[in-house]
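One structure is given below, encoded as structure tokens.
What you are looking at is a predicted structure, and each value in this text was computed from that prediction instead of being measured.
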Amino acid sequence: MTKTAEMIIEEDIRKVYLGNLNTVEFDLKLPLVGENGSKITWVSDNELFLRPDGSVTRPWNGIGDRKVHLHACFEYGGLSKEKIYEVHILEEPRKEKIVEALPLKRTVRKDKLALLPGAVVLRADNGHFFSRQVTWEGGNEQVFGQCGNFCLTGTVKDEPIFAKLEVKVREDFETEKMDTAPLAHPMDSGETALLPNSVFYRAMENAVAYFQNIDDDQMLYNFRKAAGLDTLGAPQMAGWDSPECLLRGHTTGHYLSALALCYRETKNEEIYRKLCYLVMELAKCQEMFSKKEGFQEGYIGGYSEEQFDLLEQGERYPNIWAPYYTLHKLLAGLLDAYCQAEVKEALEVAKKAGMWVYRRLSRLNKVQCEKMWDTYIAGEYGGMNESFAKLYELTGEKVFLVTAKMFDNDRLFVPMQEKYDVLEGMHANQHIPQIVGCMEMFRATGEKQYYDTAAYFWEAVTDSHIFANGGTGDNEMFFEPDNAAGHLTTETAEFCASYNMLKLTKELFKYHPDVRYMDYYERAMFNHIVAGGDKEPTGDITYFYPLAPGSRKDPKFVNACCHGTGMESQMKYSESIYFHTADTLYVNLFLNAETTWEEKGVKVIQQLEENPGGIHLHFAGEGEFLLKIRCPYWCDGQYSVVENGRNALAKCGADGYINIQRTRATEDIHIRFHCRLRIETTADSPDTAVLAYGPYILAALSDQETFLKFKIQEMEPEKEMKAALIDRERLAFQTEEGGRLTWVPLPEIGNEKHHVYWKMK
């Protein structure tokens, strides 16, 4: 009997055996051809953990196992049939043993409810630090009726050890405060504008064109559908906003922020009309929700309240997916609409939604809230603490500050206050926005602990957890301290994480105008943010910037989280170029950009030469002030200054800024920074390096999928790699050692396969 194509496919499906898919720990062997000759194509619905070639990346210890659906398409004789395999991938086993819980000390006030720390710092046998939730004897919320010193014992979650807490009870004790007045103010309220002819300006133009083509009714689809309103024939959202996805609604929040920022930058009236339309229609949805059974007053979202209920009941991802994260994007978008574009209705919608959150969370105690915030992904809340602190500052209503404190996450905050890096294995973008929120909490309360938490977190991340392009994380997770070379994969440097790190950096600079903050800001903005976008007005963003050898950027994650932060980021390039105090102007970033300092009656125009080391500053107006120009790390402290055509002496201060006194006679200042090819190596692997020029990390264009290797001894790339500048406009170099290669800055990379990191022989 001759077998038909259908019979051959059925037999091949039966004969494919992939092993025990209930406890997967190793790579799968996926056949490309069936026993009878059918062609097999594999597709994974979660390539973070299972790729189409069968390679498995086990989830980090502590985040739980993962269920992945593997689709196999069998084709033969013009027919095809799909088979779906459910693959259960086990999380990695713990590599280290916890040997100690570090003791904590706290001072509390007599007869006042004390909220004891909900987490402790643990030391492992390999010297690394971690944090876990803790429950103290007598409970984590206690009232101490007499003064004195007390020692409490606590049980540590998932660990067979005990923790110690020394409690000092005093008659009078107040939380330490700190002056919230910023030392420097960003010129980010529309007075600064990018000038044409730069990769940043082109990225902004592409974003504006993309926004103008977005269907606003489609952005409202999920909200109108959930509220029972007419969707006006709009198409459904796709990607993470599709009707089947539990995160639907988040992109609309990002879109609100992007439109508000776009209006700030461009004053485009069409953009303003789109923003107002969205806000007014969301207000209608919110009003409709309040009339529907099963919804409480003030609720707004792209789905029912069920996800919030399940989170309180302890449900985990992927059965639910970060409901407070989604709500935060909407709140942030509404607040941006109010603050950046003065859409007054936006604040009213945000206030009503804020009261909905307060009523829900006020039913819970501190332990219940912290349990939610410590739940991987499901409890991710974005920057809810930031939004509620802003609501308090905008309205003066203390209920919003009370709500903001409900999002304190001791699992992260306590170790940061104690100055211990416990980030290893934590989800990067789940926690960076919480730290951004700490800065807003500090501004709202003056409580120094919030500032200290944020300042140490920034130090920990930028000292030990970033790649050369400023990005952080492998497969969304913080890696071990100083181990970047061990994580050069295709899932490195999530875009959202860099977006939020730049927000944090900007806020910290306000209170401590130090060159290190803007050195990092430049690194991430120039080599990740602008490099992560599509070069066409598609709105596509590279979710992960791949750093594995021979990688290719893949900006196709439509409506994923990074698509949202990507929309906003294209409107934020001007934000940190200039800062000022009463009598000082900071020039932080070197871009073609102008600003107007109204208080001084001065306009400043910055123009760059083709070589990134040459900066021209032109002044119009009679204002006199101290000019501070960042002396970037990449110039090795070598620079020259020409003022009004004459050489000038300008010293660099301890803060890393060159000081020049601008007088009425000062019209032009030309600074030339020493700019050369240099090599940066990784802390964990001195033979793993990147090539850089000025602020830019360079990548070699090559299809090779193993590390490129170069014989270098004295770290002089021009000489040892025989490097030459071949395209001044693109800053493209060509090297001869090891084979002729072209190197270009990361923002110039399109879809070419390229190498950021390489090996020294």
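Relative ring orientation between Tyr325 and His250 is described as tilted, the plane-to-plane angle lying within the 30° to 60° band. Using bins of under 30°, 30° to 60° and over 60° for the plane-to-plane angle, the ring pair His670/His616 lands in the parallel bin.
Proximity of the aromatic rings of Tyr586 and Phe509 is defined here by a centroid distance below 6.0 angstrom, and this criterion is met. Between Trp597 and Phe625, the ring center distance clears the sub-6.0 Å criterion. In this structure, Phe200 has its ring center under 6.0 Å from that of Phe526. Outside the 6.0 Å centre-distance limit, the rings of Tyr545 and Phe467 are not counted as a close aromatic pair.
Checked by atom type and distance alone, the side chain of Thr192 never pairs as donor or acceptor with a backbone atom of Asp188 at under 3.5 Å. Of the possible polar contacts, none joining the Asn385 side chain to the Phe407 backbone as a donor-acceptor pair under 3.5 Å is found. Panel note: side chain Thr252, backbone Met219; a donor-acceptor pair is recorded below 3.5 Å.
Between Ser387 and His328, the closest heavy-atom pair is OG-CD2, 3.2 Å. Between Ala444 and Leu401, the shortest heavy-atom contact is CB-CD1, 4.2 Å. Between Lys510 and Phe579, the closest heavy-atom pair is CG-CE2, 3.8 Å. The two residues Tyr657 and Val587 come nearest to each other via the heavy atoms CE2-O, 4.1 Å.
Paired with Val604 under the rule side-chain contact (heavy atoms from CB on, under 4.5 Å), one option of Thr596, Leu585, Leu627 passes, and it is Leu585.
By the neighbour-count criterion of 12 heavy atoms within 6.0 Å, atom CD of Glu729 is sparsely surrounded, having that number or fewer from other residues, nucleotides or ligands. Taking a 6.0 Å sphere around NZ of Lys405, one finds it holds more than 12 heavy atoms contributed by other residues, nucleotides or ligands. Surrounding CD of Gln212 are more than 12 heavy atoms belonging to other residues, nucleotides or ligands, all under 6.0 Å away. Counting heavy-atom neighbours within 6.0 Å of Glu598 CD, excluding the residue itself, gives a total of 12 or less.
Salt bridge present: Glu459 and Arg516 bring a charged side-chain N and a carboxylate O closer than 4.0 Å. Comment: Glu270 does not engage Lys274 in a salt bridge, judged by the lack of any side-chain N to carboxylate O separation of less than 4.0 angstrom. Taking 4.0 Å as the cut-off between side-chain N and carboxylate O, Asp519 and Arg630 count as a salt-bridged pair. Salt-bridge check for Asp636 with Arg676: passed, with a basic side-chain N closer than 4.0 Å to an acidic carboxylate O. Under 4.0 Å is where a charged nitrogen must lie from a carboxylate oxygen, and between Arg443 and Glu440 at least one such pair does. Using a 4.0 Å cut-off between charged side-chain N and carboxylate O, Glu575 and Arg264 make a salt bridge.
Phe400 does not carry Lys398 over the face of its six-membered ring by the limits of under 6.0 Å from the centre and within 45° of the normal.
Under 3.5 Å, the side chains of Asn588 and Tyr517 contain no donor-acceptor pair of N or O atoms. No donor-acceptor contact under 3.5 angstrom links the side chains of Asp540 and Tyr210, judged on distance only. Judged purely by distance below 3.5 Å, without hydrogens or angles, the side chains of Glu643 and Thr666 pair a donor atom with an acceptor atom. With 3.5 Å as the limit, one finds no donor-acceptor pair spanning the side chains of Tyr263 and Asp336.
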Open item on the list: One pair to check against salt bridge (Lys or Arg N to Asp or Glu O under 4.0 Å): Lys503 and Glu507. What are the steps and the verdict?
Closed with: CA-CA 6 Å; Lys503 287 183 67 175; Glu507 293 305 311; over 6 Å; no
